[in-house]
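Worksheet for the structure shown next.
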Amino acid sequence: MHDIKIKPEEIAFDIDGVVADTMSSFLKVARDDFGISHLRKEQITTYWLEECLPIDEEIIKAIIERILTDPFGVELKPIAGAVDVLRQLNLHAPLRFVTARPVKRPIEEWLQAILKTGDHGFQVIATGRHEIKVEILKELGIRYFVEDHLETCQAIHDEGLNSIVFDQPWNQGSTPFLRVKNWRELQGLLDV
Ligand SMILES: [Mg+2]
């Protein structure tokens, strides 16, 4: 389908919704801590949860805060296939993650635990804001970024870099970007 072959040093990754199955943790905390058991991942049709979920905004904030600070406590899991592909890439280059999370340490520890990275290691940059991801990517010399947030994909595309949308219920619709349905498809784009 695509002729491109992305070199390991040319690509970086968003974390939540791409490497981490953050929405499943969200649903789990909603159920376990707040007794909200009627939510389904398919209901999350926009990136902004308060717009698509019928629950109180304060509860959404509280759940997100737990996910940001305690990935192990909320039993954050990797998305299927992510660990294998990332470890394969890591044989060739350091892994680079650029997240809009405001704090780095908890998610960095989580990545270390799931990836058990070897020689080339990994780097996490927590920007705190979506809008500055593209600047960071340019500084790092990244050409391809895997992301689930469409507005960020657009901003990256507008600056001449290549966005790859990681398919999720909240990023549907026609876009000019490459789109992958899962990590196996993403693997097919990599020159490893
Ligand atoms: Mg994300």
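Just so it is clear, the structure is predicted and the values come from calculations on it, not from any experiment. Counting from 1, the numbers follow the sequence of the chain as shown.
- Here the NZ atom belonging to Lys77 is positioned 9.0 Å from the OG atom belonging to Ser24, to the nearest 0.5 angstrom.
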side-chain contact (heavy atoms from CB on, under 4.5 Å) between Thr45 and Trp170, worked out: CA-CA 4 Å; Thr45 52; Trp170 51 91; 5.8 Å; no

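- Scanning all heavy atoms of the two residues, the minimum distance from Arg40 to Leu27 falls at C-CD1, 4.0 Å.
- Listed here is the closest heavy atom pair of Phe177 and Cys153: CE1-CB, 3.6 Å.
- Within the model, atoms CE of Met23 and NZ of Lys41 stand 8.5 Å from one another, a figure rounded to the nearest 0.5 Å.
- Checked for salt-bridge contact, Lys138 and Glu135 miss the test: no charged N lies under 4.0 Å from a carboxylate O.
- For the pair Ala80 and Trp183, the tightest heavy-atom approach, listed with the atom from each and the gap, is O-CD1, 3.6 Å.
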Evaluate Arg101 against Asp16 for side-chain contact (heavy atoms from CB on, under 4.5 Å), listing each step before the verdict. CA-CA 9 Å; Arg101 282 176 174 246; Asp16 294 293; 2.7 Å; yes

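- With Ser25 contributing its side chain and Val74 its backbone, the two residues share a donor-acceptor pair below 3.5 Å.
- Expressed to the nearest 0.5 Å, how far CZ of Arg31 lies from CD1 of Ile36 amounts to 11.5 Å.
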May I have the step-by-step check of side-chain contact (heavy atoms from CB on, under 4.5 Å) for Asp56 and Phe34, ending in yes or no? CA-CA 11 Å; Asp56 193 86; Phe34 295 93; over 6 Å; no

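- The existence of a salt bridge linking Lys133 and Glu147 is confirmed by a sub-4.0 Å separation between a basic side-chain nitrogen and an acidic carboxylate oxygen.
- By the 4.0 Å N-to-carboxylate-O rule, Glu131 lies close enough to Arg129 to be salt-bridged with it.
- Within a 6.0 Å radius of NZ in Lys5, other residues, nucleotides and ligands contribute more than 12 heavy atoms.
- Contact between Phe166 and Asp148 at its shortest, heavy atoms only, is O-CB, 3.9 Å.
- Counting all heavy atoms, side chain and backbone alike, Arg179 lies closest to Gln172 at NH1-NE2, 3.9 Å.
- Closest of all the heavy-atom pairs between Val98 and Phe145 is O-CZ, 3.4 Å.
- By the rule that hydrophobic residues join a cluster once side-chain heavy atoms approach within less than 4.5 Å of another member, Leu39 and Val29 end up as members of one cluster.
- Remark: side-chain polar atoms of Gln168 are paired, donor with acceptor, to backbone N or O of Gly17 under 3.5 angstrom.
- With hydrogens and angles disregarded, no donor-acceptor distance shorter than 3.5 Å links the side chain of Asp32 to the backbone of Gly35.
- The shortest distance between side-chain heavy atoms of Leu111 and Ile15 falls below 4.5 Å.
- The closest side-chain heavy-atom distance from Leu76 to Asp21 is not below 4.5 Å.
- With contacts defined as side-chain heavy-atom distances shorter than 4.5 Å, the pair Gln154/Glu151 does not qualify.
- Rounding to the nearest 0.5 Å gives a distance of 11.5 Å between OG1 of Thr99 and CD1 of Ile136.
- By the 4.0 Å N-to-carboxylate-O rule, Lys28 lies too far from Asp33 to be salt-bridged with it.
- Residue Leu140 is not grouped with residue Leu86 when hydrophobic side chains (ILVMFWY) are merged at heavy-atom distances under 4.5 angstrom, including chains of intermediate members.
- Note: His149 and His130 have tilted aromatic rings, judged against thresholds of 30 and 60 degrees for the angle between ring planes.
- Residues Gln43 and Pro54 are in side-chain contact: their nearest non-hydrogen atoms beyond the backbone lie under 4.5 Å apart.
- Between Phe97 and Phe13, the angle of the ring planes lies from 30° to 60°, which puts this pair in the tilted group.
- One hydrophobic cluster, built from ILVMFWY side chains closer than 4.5 Å, holds both Val192 and Leu186.
- Taking CD of Gln112 as the reference point, atom CD of Glu109 lies at 9.5 Å (rounded to 0.5 Å).
- A side chain to side chain contact (heavy atoms under 4.5 Å, CB included) with Ile11 is found for exactly one of Leu95, Leu189, Leu190, Asp191, namely Leu190.
- Hydrophobic clustering of Ile, Leu, Val, Met, Phe, Trp and Tyr side chains at less than 4.5 Å, counting indirect connections, keeps Ile125 apart from Val19.
- Using modelled atom types and a 3.5 Å distance limit, the side chains of Asp84 and Gln88 yield no donor-acceptor pair.
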Go through the steps to decide whether Leu161 and Tyr144 satisfy the test side-chain contact (heavy atoms from CB on, under 4.5 Å), and finish with yes or no. CA-CA 6 Å; Leu161 307 185; Tyr144 294 89; over 6 Å; no

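- Here Glu108 pairs with Lys104 in a salt bridge; the nearest charged N to carboxylate O distance falls below 4.0 Å.
- Note that CD1 of Ile67 is 10.0 Å distant from CD1 of Ile107, once rounded to the nearest 0.5 Å.
- Side-chain atoms of Arg96 and Ile142, non-hydrogen and from C-beta on, do get closer than 4.5 Å to each other.
- Cluster membership for Ile156 and Val165, using ILVMFWY side-chain heavy atoms within less than 4.5 angstrom, is not shared.
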